[in-house]
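Scroll down for the structure; my scribbles are underneath it.
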Number of protein chains: 2
Amino acid sequence: MDRLPETISRELKAARLRRGWSQAEVGKQAALPQTHISGIETGRIVPRFDTLLDLVRVLGMDLVLVPQSLVPAVNALVRDSHTGKASERPLYAADDDDDGDAS
Amino acid sequence: MDRLPETISRELKAARLRRGWSQAEVGKQAALPQTHISGIETGRIVPRFDTLLDLVRVLGMDLVLVPQSLVPAVNALVRDSHTGKASERPLYAADDDDDGDAS
DNA sequence: CGTTTCAATATGTGATTTTATATATATATG
DNA sequence: CATATATATATAAAATCACATATTGAAACG
C-alpha cells in the first residue's frame with residue numbers, strides 16, 4: 001500500500017520535529033487546527049491536495065511532479081543536499097527560472 | 001494562486017494527451033469515473049492526496065517531496081531529461097516515454 | 001450546406017463518505 | 001501543573017460515486 005500517504009505522514013512529522021515545532025505551531029502557520037495535524041501525521045485522515053501542499057510549504061518543502069523514471073535521481077539529489085555533497089555540483093548554476101509550462 | 005493545483009491540473013491533462021488517452025481511459029486505470037477526471041482537469045474539484053497520487057502514477061509520474069531550495073534543481077533535472085540533454089549524465093538512462101504525440 | 005452520428009468532454013443531481021473546523025477531553029511526559 | 005499529542009463529538013463543506021445529460025468537435029452522409 002504505498003499509495004497511502006503513510007510515507008508523507010512520517011516525513012511531515014520528521015520535518016516538523018526537525019524544526020522543533022509543535023503541531024499547534026505548524027497548524028497555526030498553515031491555518032489548520034492542531035487536531036487536524038495530528039490526524040494527518042497519524043495517517044488517520046488523508047488530506048486534500050491543497051491542504052497537504054499548505055502543510056508541506058510551511059515546513060519549507062514542496063511537492064514536485066516528476067516522471068517515475070526520474071524519481072531515483074531526484075531522491076539522490078535530495079539526499080546529496082542533506083550530506084552536503086551538493087556543493088561540488090554546479091547544478092543549476094545557470095539561471096533556471098521555472099516557466100513551468102511546456103505546452 | 002499557486003497553492004491551487006491549477007498547475008497540476010494542466011500537467012495532468014498534458015500528460016494524458018501526451019499518451020493519447022481519453023479521460024475515460026485514465027479513469028478506468030485509476031478506478032475513477034470520467035466525470036472526476038474532467039472535474040480535476042478543469043480545476044473544479046481539488047482531489048484528495050491519495051486520489052491525485054493514483055492519477056499521477058497511472059500517467060507514469062510521481063509526486064516527490066523536496067526541500068523548497070531544491071525545487072529549481074529538480075525542475076532543471078526534469079527539463080533536461082525532456083530535451084535529451086541528460087545524455088551527458090549516465091544517471092538512470094531510461095528516458096521517459098513522453099516523446100509527445102505520435103500521430 | 002445542414003444534420004446525423006459518434007466520441008470525448010463537461011456539467012448536473014442526489015446519496016454516501018470523508019475532510020475540514022471547532023470544541024472538549026484524555027493521555028502521556030517532564 | 002504545564003505542554004504536547006492523540007482521541008471524541010458535532011457541524012459544515014467538499015470529495016467521491018453512480019447516473020443522466022448537455023456541450024463540443026469531428027467525421028460521414030444525404
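What you see is a predicted model; the values in this text were computed from it and never measured. So that the names make sense, note that chain A is the first sequence line, chain B the second, and so on, each numbered from 1.
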Open item on the list: Considering only residues two or more places apart or on different chains, which pairs with a residue in residues 23-33 of chain B satisfy side-chain hydrogen bond (donor to acceptor under 3.5 Å, both in side chains)?
Closed with: Gln23(B)-Gln34(B), Gln23(B)-Glu41(B)

TODO: Could you list where the contact with chain B starts and ends along DNA chain D, reading 5' to 3', using a 4.0 Å heavy-atom cut-off?
DONE: dA15(D) to dA20(D)

Open item on the list: Between Asn75(B) and Val64(A), is there a side-chain heavy-atom distance shorter than 4.5 Å?
Closed with: yes

- [ ] For residues Asp54(A) and Leu32(A), determine if any side-chain heavy atom of one lies less than 4.5 Å from a side-chain heavy atom of the other.
- [x] no

Open item on the list: Heavy atoms only, 4.0 Å cut-off, all strands: where does Ser38(A) land among base, sugar-phosphate and nothing?
Closed with: base

Polar atom pairs (N or O), protein with nucleotides 16-21 of chain C, under 3.5 Å:
| residue | atom | partner | partner atom | Å |
| --- | --- | --- | --- | --- |
| dT19(C) | OP1 | Val46(A) | N | 2.8 |
| dA20(C) | OP1 | Arg48(A) | N | 2.9 |
| dA20(C) | OP1 | Thr51(A) | OG1 | 2.5 |
| dA20(C) | OP2 | His36(A) | NE2 | 2.7 |

Open item on the list: Listing request: all salt bridge (Lys or Arg N to Asp or Glu O under 4.0 Å) pairs with a residue in residues 59-70 of chain B, at least two apart in sequence or in separate chains.
Closed with: Arg57(B)-Asp62(B)

Open item on the list: Closer than 3.5 angstrom, by distance alone: can the side chain of Thr51(A) be matched with the main-chain N or O of Pro47(A) as a donor-acceptor pair?
Closed with: no

Task: Exam field: side chain Arg16(A) to backbone Trp21(A), donor-acceptor pair closer than 3.5 Å - done: yes

Task: Partner set under side-chain hydrogen bond (donor to acceptor under 3.5 Å, both in side chains) for Ser22(A), not counting sequence neighbours - done: none

- [ ] Let me know the distance between CD of Gln34(B) and P of dT11(C), rounded to the nearest Å.
- [x] 11 Å

Task: Pairing residues for Arg19(A) by the side-chain hydrogen bond (donor to acceptor under 3.5 Å, both in side chains) criterion, not counting sequence neighbours - done: none

